[in-house]
There are 2 protein chains.
Amino acid sequence: MARWQPNASERLVAAALELFEERGYEHTTVIEIAERAGLTKSTFFRHFPDKREVLFGGDTMAGLLAKGIAAAPATATPFEAVAHAMDAVSREAFTPARREFGARRRAVIAAHPELREREALKGLGLTASMTEALKRRGVPDLAACVAAELGALALKIAYECWSDTTDGDDFGEVARRTLGDLQAASQTLGLSGRSAP
Amino acid sequence: MARWQPNASERLVAAALELFEERGYEHTTVIEIAERAGLTKSTFFRHFPDKREVLFGGDTMAGLLAKGIAAAPATATPFEAVAHAMDAVSREAFTPARREFGARRRAVIAAHPELREREALKGLGLTASMTEALKRRGVPDLAACVAAELGALALKIAYECWSDTTDGDDFGEVARRTLGDLQAASQTLGLSGRSAP
DNA sequence: AGGGTGATGGGACCAAGTGCCATCACATTG
DNA sequence: CAATGTGATGGCACTTGGTCCCATCACCCT
């Protein structure tokens, strides 16, 4: 037994998600979240820097992606390195247990501009992290940018697909497939030529 | 002559930019911004929905991009349509007069997470707007996503290049060139093959 | 001259976020 | 067993962003 009720952070996340679903993000007070978790406002801000962050806690994604890219075989192309990172992230962060939570979280975020704003910032962080990791592999700057951008897009799309069902492929498979589809799509947008003769 | 001092919005923007440069974003109060512009807090929030938005006023970009894409020749590929939108936006929004302002604005935004967050959200808006416009041209969903994403990336990079010098190419040229470079880069990241034999 | 209109000023008010100090539960040490 | 230390929590005061409502002012129109 711990000193107080254990898992304060997780209780706060759960309380916040429930209240956001019930009353909406902007009609929910930090004090209300804390009270539902059996805590106080002070404690809330000791666990999260601000109200939005309660839904963006696990900030390990960027690091996992970077490590995954760094750990890819030296012979891997940029896209293959990104795909390698997807697998890493899938094993550590997108466990099957978080699937339903992901769907609820996503719905709440989509409904509130303030939360979408935070999500956008997190997306930039992921992109930057992947870009740096690719550059460290010797990938030229612009190529690293593009690969990271498409990797982040694949993550986003795959997250939607994955969290929308309770069964089916695990996250890694969905993400790899999505990345492949994006790669294929990017071949069809020719700048100077037409798509068909 | 107007009733009161004219150009209230612009005065607020100028005051805010100056104060953010002098004291930093978080050490500047909305009241201070308003006072420097010869106005009050009430009036500030009548012109801008929140403190961040004072640096993101001209919200015409998304519309201009969408119109530019819609106006591209029917035979244009997705990338060409995006390039067409760059030109439109260049003529209407990125006038030479705003070049120095752009550099100062960019420096302030880069220095403060809260502002970068807002910028990230604006970026999502641009991407979404371009994606929709491309879909309306009949471009398949995924292809539209990728083209819009790379278009937004090109805009971002081009904005940095363009605002970093007081002379040189106008925005449209920089953006088109950047888009071409990204297109070329995207061909070098092969998913299944290697870059060289 | 008198009323309409739109932008502004001012103040009350709520919630987010910060800082400081007291408190409590448990562990450690003598 | 008693004293002390430590880390998580509670509570309170305070600043600031942001909202609301109403009074006021400058100008236009009739």
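Both backbone and side-chain heavy atoms feed into the values below; hydrogens, waters and symmetry mates do not.
- Ion pairing between B:D50 and B:R118 holds under the 4.0 Å rule for side-chain N and carboxylate O.
- Taking 4.0 Å as the cut-off between side-chain N and carboxylate O, B:E35 and B:K41 do not count as a salt-bridged pair.
- Residues B:R99 and B:T165 bring a donor and an acceptor atom of their side chains to less than 3.5 Å of each other.
- Salt bridge annotation for B:E119-B:K122: absent, with no cationic side-chain nitrogen under 4.0 angstrom from a carboxylate oxygen.
- Atom OG1 of A:T127 is separated from atom CG of B:L153 by 9.0 Å, given to the nearest 0.5 angstrom.
- Note on A:R36 versus A:E22: salt bridge recorded, some NZ/NE/NH1/NH2 to OD/OE distance being below 4.0 Å.
- Taking a 4.0 Å limit (strictly below) on heavy-atom distances, residues 26-46 of chain B reaches DNA chain D at B:T28, B:T29, B:V30, B:K41, B:F45.
- Rounded to whole Å, the distance from OH on B:Y25 to P on C:dG17 is 12 Å.
- Applying the salt bridge (Lys or Arg N to Asp or Glu O under 4.0 Å) test to A:E173 and every residue at least two apart in sequence or in another chain returns nothing.
- When the C1' atom of D:dG18 is taken as reference, atom NE2 of B:H47 falls 16 Å away, rounded to whole Å.
- Residues from residues 110-123 of chain A lying near DNA chain D, meaning a heavy-atom separation below 4.0 Å, are absent.
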Quiz item: Stepwise, does the ring pair (Phe, Tyr, Trp, His ring centres under 6.0 Å) test hold for A:F48 with A:F56?
Solution: CA-CA 9 Å; A:F48 304 99; A:F56 298 87; over 10 Å; no
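- Between the NZ atom of B:K51 and the P atom of D:dT19 there is a distance of 14 Å, given to the nearest Å.
- Straight-line distance from the CZ atom of B:R52 to the P atom of C:dA16: 13 Å, rounded to whole Å.
- As rounded to whole Å, 12 Å separates atom P of C:dA16 from atom CG of A:L19.
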